[in-house]
Amino acid sequence: MFALSCYLFVGLVCQSLGQYYDYDYAPSAPEVQSTASCAQECDCPINFPSAMYCNERKLKFIPIVPSGISYLYLQNNNIEEIKAGVFDNATDLRWLVLDHNNITSDKIQAGTIDKLTKLEKLLFSHNKLTKPPSPLSKSLDELRMTDNQLTSFPSGTLSGLENLTTIHLSRNKLTTESITGAFKGLKSLLLLDVSENKLKKLPAGVPPSLLMLYADNNEIDSIPNGYLAKLPALQYLRVSHNKLVDSGIPAGVFNVSSLLELDLSFNKLKTIPEINEALEHLYLQVNEIQKFDLMNICKFSSPVNYSRLKTLRLDGNNVTHHMMPDDTSNCLRMASEIIFE
């Protein structure tokens, strides 16, 4: 169990480092003869018979999927709908890749996706969805719907998805109200990406299992008091390119020992917020900070009391390295990168 948890965490960290890149699909199918049962529009390599490659074929429809297929690649086509019956034989399907098509929410027939009882990954980015398909497969562990037109994410859409670890919803039109209650009850969620939407608040009701929360490029102007205290496992929080001001940052809201990375860059902060000594990376570039307040980084310094910060970015502010107090070297003894300009 420990090994599995480590594997999941390492995978998610890798995703976090490359969160703005498209999904790294499996290699293209080798140019070899397909199996006899393969749909004629696609390729099912003899040396990988559980995969069906239908990507980049200018398809306008999803071909009937034969039994035995576990990995279905349909990205980069002109598909506009998911018709009833196309997945009736696909009882072993684990990956369904539908990125870069023209599918709309009203053209997804009920009783299609939710019948895939072994489905683990549903990749639905770069389409024309205004709301998520519902119901979804209870077996899902990853859901990607970036670059759609989502304005609604009804409460209960993810109900019962106890294996879901990863949700990517960036670059949509979601508001704070439209995601209220959307993530409640998820027991295994580790990563939630709601960046580049229209949120004015951080999402409410996210589960305590969360490790990574990305809410960059929204309209957030404050952090609720005690928000991070309800997320005891959270290690990465990104709220860059928002409208945060000092009055919207309650005292000690970021002073939690679990947090390793905090990105508050490109906001309107005038002071360095209070952080915990365990934080390793703090990004505050391009704010309006005018003072180097060491007390918000270290309450006091001693042989055993000091900040674990490795990275501190303050470039694009009104503060210089000459403003650093005399005791800075004791407090920031582990820092390898402090940037002022």
Side-chain angles (χ1 to χ4, degrees), residues 4 7-8 11 15 22-129 132-148 158 160-168:
L4 177 60
Y7 172 80
L8 286 171
Q15 289 185 40
D22 285 339
Y23 189 82
D24 186 14
Y25 297 111
S28 298
E31 295 182 3
V32 296
Q33 184 178 0
S34 291
T35 58
S37 61
C38 191
Q40 63 180 2
E41 301 90 350
C42 309
D43 293 320
C44 306
I46 291 176
N47 61 342
F48 192 15
S50 61
M52 189 161 86
Y53 293 86
C54 310
N55 53 300
E56 301 180 28
R57 310 296 168 100
K58 299 181 179 180
L59 298 179
K60 294 185 177 181
F61 61 90
I62 298 176
I64 298 296
V65 183
S67 61
I69 296 298
S70 296
Y71 306 93
L72 178 57
Y73 300 94
L74 290 160
Q75 71 270 24
N76 294 299
N77 280 294
N78 300 314
I79 298 168
E80 297 181 355
E81 61 182 325
I82 300 178
K83 295 182 178 180
V86 294
F87 300 133
D88 282 0
N89 296 323
T91 56
D92 294 325
L93 201 62
R94 295 175 57 192
W95 286 31
L96 176 55
V97 183
L98 290 162
D99 294 351
H100 292 278
N101 279 287
N102 298 311
I103 301 170
T104 57
S105 296
D106 61 344
K107 292 294 184 68
I108 302 174
Q109 293 295 319
T112 51
I113 295 176
D114 59 304
K115 283 188 175 180
L116 302 173
T117 58
K118 296 182 181 179
L119 192 66
E120 298 171 1
K121 300 187 185 299
L122 177 58
L123 310 183
F124 225 133
S125 298
H126 295 274
N127 276 277
K128 297 180 178 180
L129 303 179
S134 182
L136 290 167
S137 308
K138 302 297 184 184
S139 53
L140 276 184
D141 70 36
E142 180 176 358
L143 176 64
R144 287 181 179 252
M145 291 188 290
T146 66
D147 291 280
N148 275 279
L158 305 177
L161 274 63
E162 296 187 357
N163 298 321
L164 193 60
T165 63
T166 308
I167 302 174
H168 288 273

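Since we're looking at a predicted model, the values are computed, not measured.
- Of all non-hydrogen atoms in S137 and L116, the two that sit nearest each other are OG-O, 3.1 Å.
- Note that NE2 of H100 and CG of N77 are 11.5 Å apart. Values are rounded to the nearest 0.5 Å.
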N55/V97 under side chain to side chain contact (heavy atoms under 4.5 Å, CB included): CA gap, chis, key distance, verdict: CA-CA 9 Å; N55 53 300; V97 183; over 6 Å; no
Derivation of the side chain to side chain donor-acceptor pair (under 3.5 Å) call for S125 and T146: CA-CA 5 Å; S125 298; T146 66; 2.8 Å; yes
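- Annotation: K115, atom NZ; neighbour count of heavy atoms from other residues, nucleotides and ligands within 6.0 Å does not exceed 12.
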What donor-acceptor contacts under 3.5 angstrom involve side-chain atoms of residues 80-93, with partners at least two apart or in another chain?
residue : atom : partner : partner atom : Å
D92     : OD1  : K118    : NZ           : 3.0

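- Summarising the geometry of L98 relative to N101, their closest heavy-atom pair is O-ND2, 3.0 Å, with the distance given to 0.1 Å.
- Between C38 and M52 there is a side-chain heavy-atom pair separated by less than 4.5 Å.
- By the 30° and 60° cut-offs, the orientation of the rings of Y53 relative to Y73 is parallel.
- Residues L140 and E120 are not in side-chain contact: their nearest non-hydrogen atoms beyond the backbone lie 4.5 Å or more apart.
- Side-chain contact between L158 and I167: present, with at least one pair of heavy atoms (C-beta onward) separated by less than 4.5 Å.
- Between K128 and N102 the shortest heavy-atom distance is CE-OD1, 3.8 Å.
- Closest heavy-atom contact between D43 and R57: OD2-NH2, 3.1 Å.
- Taking the side chain as every heavy atom from C-beta outward, I108 and L129 approach each other to under 4.5 Å.
- In this structure, L164 and E142 approach most closely via the heavy-atom pair CD1-N, 3.7 Å.
- Put simply, the side chain of S139 gets close to the backbone of L119: a donor and an acceptor are under 3.5 Å apart.
- In this structure, OG in S105 is found 9.5 Å from CG in N127, a value given to the nearest 0.5 Å.
- Inter-residue side-chain proximity for L143 and L161 is flagged as unmet; no heavy-atom pair is nearer than 4.5 Å.
- In this structure the side chain of F124 never reaches within 4.5 angstrom of the side chain of D147, judged on heavy atoms.
- Between the side chain of D141 and the backbone N or O of N163, no donor-acceptor pair lies under 3.5 Å.
- Under the salt bridge (Lys or Arg N to Asp or Glu O under 4.0 Å) criterion, E162 pairs with K187, sequence neighbours left out.
- In summary, of the residues considered (N76, V65, I79, L72), a side chain to side chain contact (heavy atoms under 4.5 Å, CB included) with C54 occurs for L72 alone.
- Y71 and F48 have tilted rings, their planes meeting at an angle from 30° to 60° on a 0 to 90° scale.
- The heavy-atom pair separating A51 from P45 by the smallest distance is O-CD, 3.9 Å.
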